[in-house]
**Student:** 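Pasting a structure here, questions to come.
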Amino acid sequence: MAKNSSAFQCSECGWQAAKWAGRCPECQQWGTVVEAGTASGIVTRIRPSTVSEDRVARRITDIRTVEVERWSSGISEFDRVLGGGFVPGAAVLLSGEPGVGKSTLLLEVAARAAREGRRVLYVSAEESVGQVRLRAQRTNALTDNLYLAAETDLATVLGQVEAVSPDLLIVDSVQTVASATVDGLAGQPSQVREVASALMRLAKERDLPLVLVGHVTKDGSIAGPRVLEHLVDVVCHFEGDRHTALRFIRALKNRFGPTDEVGCFEMTGDGIAQVSDPSKLFLSRTGSVPGTCITVSMEGKRAIPVEIQALVVKTSAPNPRRVVNGVDASRVAMLLAVLERRCGTTLSDHDVYVSTVGGVRLTEPAADLAIAIAIASAASNWPIPETLAAYGEISLSGEVRPVTAAPHRASEARRLGYRKLLDSAAGSLRTALGMARSAAEPVVAPEF
Ligand SMILES: Nc1ncnc2c1ncn2[C@@H]1O[C@H](COP(=O)(O)OP(=O)(O)OP(=O)(O)O)[C@@H](O)[C@H]1O
Ligand SMILES: [Mg+2]
């Protein structure tokens with residue numbers, strides 16, 4: 001008899017083998033290799049079942065639309081990312097690094113919904129109810145309609161939902177709840193899949209908005225099976241720098257709204273506060289100074305002015321230093337090359353330092369022009385007027401190229417009082433530098 005050569009199969013990627021393995025050699029996931037069961041090569045014929053009258057496929061134009069009824073999370077910055085608020089029956093996955101503030105944010109959401117008269121069940125599978133209450137005391141989130149349960153067993157969590165019958169369910173986190181019907185420890189792909197699908201089924205049945213907290217792995221992706229992101233309706237990522245209190249939430253996927261929105265928050269001792277106008281957070285200077293130029297960066301649909309600072313110091317070291325903070329090092333190297341070849345600013349015997357203010361990271365090429373102006377101004381020590389802002393991508397030929405959402409950037413810059421805007425209209429970096437420099441000089445009234 002022919003031996004079955006693929007008795008085991010990876011439930012993640014479909015890799016097959018004769019022997020069981022703890023870790024799939026194909027997709028590197030632990031605990032996903034399971035007995036293939038019926039995957040023995042025998043193909044069973046599936047009989048089509050009769051479709052009842054009320055379930056038969058209909059013309060799309062005959063289907064009546066039901067307006068999605070959203071309700072606000074009580075935090076407008078979070079609503080912005082959700083596409084307007086919670087949708088009944090929809091599942092939101094909120095992922096983020098350890099300690100970034102996921103539990104703090106959701107406790108705030110829970111408290112606000114509870115104060116609006118909704119029953120909220122917060123299932124904490126990571127902390128005891130006492131710990132959550134302590135946090136609630138600190139962040140002023142104590143309210144009667146908020147129910148807490150510290151459970152790690154899926155069946156008990158489902159039971160709690162039956163008992164409390166909430167209007168909003170928060171499970172913190174999906175990786176720490178486990179089902180007794182599935183093998184493996186909590187957090188393993190098969191467990192995460194089972195827990196997420198059981199909770200989502202319940203949420204859909206009860207028209208209950210569900211928020212799941214998700215852990216991230218070392219490389220920043222959501223821990224557990226990839227299928228988790230496919231299952232849920234909205235995937236939000238909560239991000240922030242350890243050294244600053246600023247936090248951003250971005251929607252990576254949203255079945256009910258756009259994914260280019262960003263919510264802006266600040267962690268404080270009293271919990272999490274929303275920042276509705278982040279425009280002034282990344283600005284520090286006062287007056288016209290050399291080596292400091294403002295650019296306007298896009299965070300989702302928002303234009304945010306960011307200050308870029310440069311410092312140029314003469315050195316006799318054979319390899320001058322290029323130290324960057326918040327901008328891309330290779331982009332700065334390219335801009336130094338363009339400055340040398342196209343504008344005659346040679347910095348091969350100078351150390352160059354470039355940094356953003358407030359720990360913000362700029363990844364857009366639109367910041368090129370402001371970086372180049374800041375470096376050129378620091379090199380020749382001419383002050384950049386405080387009313388100047390610049391954005392534009394710089395090509396290797398020294399041209400200033402147009403950027404996306406230019407009108408939006410311009411209007412935000414004008415709102416904050418930047419009257420002189422440099423962009424692709426300047427044509428070349430050389431001209432843009434000339435314009436920035438002439439704007440710096442005091443205007444002398446013509447004598448008649
Ligand atoms: N007593 C306190 N005063 C001020 N800030 C605090 C206090 N306790 C905690 N924090 C802040 O809250 C953050 C932790 O928030 P939170 O527990 O919500 O994070 P989390 O993303 O849920 O983390 P985890 O992944 O561990 O569950 C800390 O990093 C700290 O900045
Ligand atoms: Mg937490």
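Because the structure is predicted, anything quoted here is derived from the model rather than measured. Numbering of ligands and ligand atoms starts at 1, following listing order.
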**Student:** Give yes if a backbone or side-chain nitrogen or oxygen of P98 is under 3.5 Å from a nitrogen or oxygen of ligand 1, and no if not.
**Tutor:**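 In fact, backbone or side chain, P98 has no N or O that close.
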**Student:** In terms of side-chain geometry, is the basic nitrogen of E77 or R302 positioned less than 4.0 Å from the acidic oxygen of its partner?
**Tutor:** yes
**Student:** What atoms of ligand 1 come closer than 4.0 angstrom to any heavy atom of E126?
**Tutor:**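 Going through ligand 1 atom by atom, the ones under 4.0 Å from E126 are 27 (O).
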**Student:** Do L246 and C264 touch side chain to side chain, with heavy atoms closer than 4.5 Å?
**Tutor:** yes
**Student:** I want to confirm something. Looking only at heavy atoms, which of R138, E127, Q175 is nearest to atom 8 (N) of ligand 1?
**Tutor:** R138
**Student:** Taking 4.0 angstrom as the limit, do R409 and E364 come out as a salt bridge?
**Tutor:**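 Here R409 pairs with E364 in a salt bridge, since their nearest N and O are under 4.0 Å apart.
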**Student:** At what distance is the nearest protein heavy atom to atom 12 (O) of ligand 1, and which residue and atom is it?
**Tutor:** M267 CE, 3.4 Å
**Student:** Name the closest protein heavy atom to atom 20 (P) of ligand 1, giving the residue it belongs to and the distance to 0.1 Å.
**Tutor:**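 It is K102 N, 3.5 Å.
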**Student:** What protein N/O/S atoms are found closer than 2.8 Å to the Mg ion (ligand 2)?
**Tutor:**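 N, O, S partners closer than 2.8 Å: S103 OG.
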**Student:** Starting from atom 29 (O) of ligand 1, find the nearest protein heavy-atom neighbour and note its residue, name and distance.
**Tutor:** G99 O, 3.0 Å
**Student:** Ion pair present between E108 and R112, side-chain N to carboxylate O less than 4.0 angstrom?
**Tutor:** yes
**Student:** Check whether more than 12 heavy atoms from other residues, nucleotides or ligands sit under 6.0 Å from atom CD of E69, and answer yes or no.
**Tutor:** no
**Student:** What protein heavy atom sits nearest atom 17 (O) of ligand 1, and how far away is it?
**Tutor:**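 Scanning the protein heavy atoms, the shortest distance from atom 17 (O) of ligand 1 goes to R135 NH2, 2.9 Å.
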**Student:** For ligand 1, which atoms, with element, lie under 4.0 Å from some heavy atom of G269?
**Tutor:** 4 (C)
**Student:** When you check the gap from the basic side-chain N to the acidic O, do E162 and R206 get nearer than 4.0 Å?
**Tutor:** yes
**Student:** Quick one: does H350's side chain get under 4.5 Å of P320's, heavy atoms only?
**Tutor:**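 No, side chains not in contact.
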**Student:** Considering only protein heavy atoms, which is closest to atom 19 (O) of ligand 1, and at what distance to one decimal place?
**Tutor:** G101 N, 3.1 Å
**Student:** May I ask you to check whether N254 and T259 show a side-chain donor-acceptor distance below 3.5 Å?
**Tutor:**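 There is no such pair (donor and acceptor under 3.5 Å, judged by atom type) between the side chains of N254 and T259.
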**Student:** Please examine the side chains of L94 and L105, heavy atoms only from C-beta on, and report whether any two atoms are closer than 4.5 Å.
**Tutor:**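 Heavy-atom side-chain distance check passes, below 4.5 Å.
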**Student:** Name the closest protein heavy atom to atom 18 (O) of ligand 1, giving the residue it belongs to and the distance to 0.1 Å.
**Tutor:**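 For atom 18 (O) of ligand 1, the nearest protein heavy atom comes out as T104 OG1, 2.5 Å.
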**Student:** Return yes or no for this condition: an N or O of S103 is under 3.5 Å from an N or O of ligand 1.
**Tutor:** yes
**Student:** Is the shortest side-chain heavy-atom distance between V327 and V332 below 4.5 Å?
**Tutor:** yes
**Student:** Using a 3.5 Å cut-off and no angle test, enumerate the donor-acceptor pairs between side-chain atoms of residues 351-359 and protein atoms at least two apart in sequence or in another chain.
**Tutor:**
{"residue": "D351", "atom": "OD1", "partner": "R321", "partner atom": "N", "Å": "2.7"}
{"residue": "T356", "atom": "OG1", "partner": "V360", "partner atom": "O", "Å": "2.7"}

**Student:** Using a 4.0 Å heavy-atom cut-off, which part of H215 comes near ligand 1: side chain, backbone, both, or neither?
**Tutor:**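 Neither; nothing of H215 gets under 4.0 Å from ligand 1.
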**Student:** Do you know which of Q175, E97, E239 makes side chain to side chain contact (heavy atoms under 4.5 Å, CB included) with V216?
**Tutor:** E97
